[in-house]
Amino acid sequence: KAGVTQTPRYLIKTRGQQVTLSCSPISGHRSVSWYQQTPGQGLQFLFEYFSETQRNKGNFPGRFSGRQFSNSRSEMNVSTLELGDSALYLCASSSVDAGPQVTRGSNTGELFFGEGSRLTVL
Amino acid sequence: AQRVTQPEKLLSVFKGAPVELKCNYSYSGSPELFWYVQYSRQRLQLLLRHISRESIKGFTADLNKGETSFHLKKPFAQEEDSAMYYCALKRFGGGFKTIFGAGTRLFVKA
């Protein structure tokens, strides 16, 4: 199986612009999560999508948004970019299908990560 | 609130020495805990999960609910173990959310 693919790998934007990042999960994976990785903060959870629905959201401002398509591909968008948005944005997919009713032990929902999109805001 | 704490940002040991990477968590329910590793120029990947009680690359981790810890251990460190290690907690219910600690960089010296 092909791994999680993220595009673009690198991009440079200026303050005030917006950016859209794309993530193609592993075939058959329906859960997609997004993280912001910075040297000082580590991995910060942005949101998680399953079957085109956002099920969880982290503590980020409304400038950060996302969506998932029927083929499980996901995009995240950051509007009105700020210098502090410079980071590596990681996407991860998981094969766990069920929601809260999942039976523990049957599938622990390992996250499979992409290589990330490195965003630099000038 | 759920939280994962890795108190050491950097851990440096000599080859052949034992290594322990600490991880403490706070979570009101029963946690699912993981260790992820990122080697140089590679993707972040799963190392091991507590529910499997497995040993991967010589590493083990035991969940201690009393101390709310999930420390990663290896009796004899190797140079190829040098990497960034992240402890993670997966929350079930209302969708999935995996929370990561800040990470510990392990450097194994020859």
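In this text, all values refer to a predicted model and were calculated from it rather than measured experimentally.
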Please check if atom CZ in A/R15 has more than 12 non-hydrogen atoms from other residues, nucleotides or ligands closer than 6.0 Å.
-> no
Measure distances from A/Y35 to the heavy atoms of chain B and classify the residue's part below 4.5 Å as side chain, backbone, both or neither.
-> side chain
Residues of residues 37-47 of chain B with a heavy atom under 4.5 Å from any heavy atom of chain A, in residue-number order, are B/Q38, B/R43, B/L44, B/L46
Does a sphere of radius 6.0 Å around NZ in B/K109 hold more than 12 heavy atoms from other residues, nucleotides or ligands, not counting ones at 6.0 Å or beyond?
-> yes
Hey, is NZ on A/K57 packed in by over 12 heavy atoms from elsewhere, all under 6.0 Å?
-> yes
Taking C-beta and beyond as the side chain, do B/R91 and A/F45 meet within less than 4.5 Å on heavy atoms?
-> no
Has A/Y10 got more than 12 heavy atoms of other residues, nucleotides or ligands less than 6.0 Å from its OH?
-> no
Connected via hydrophobic side-chain network under 4.5 Å: B/F59 and B/Y25 = yes
Are A/L88 and A/L81 linked, directly or through other ILVMFWY residues, by side chains that come within less than 4.5 angstrom of each other?
-> no
Heavy-atom distance under 4.5 Å to chain B: side chain of A/Q54, backbone, both or neither?
-> neither
Hydrophobic cluster identity match, A/F112 and A/F47, side-chain contacts under 4.5 Å | no
Which atoms form the tightest heavy-atom contact between A/L43 and B/F100, and what is the distance?
-> CB-CB, 3.9 Å
How many angstroms lie between NZ in B/K90 and OG in A/S33, if you round to the nearest 0.5 Å?
-> 6.5 Å
Verify the neighbour count for atom CG of A/N59: are there more than 12 heavy atoms of other residues, nucleotides or ligands below 6.0 Å?
-> no
Heavy-atom check, side chain of B/F34 versus side chain of A/L111, under 4.5 Å = no
Quick check: are there more than 12 heavy atoms from other residues, nucleotides or ligands sitting under 6.0 Å from CZ of B/R3?
-> no
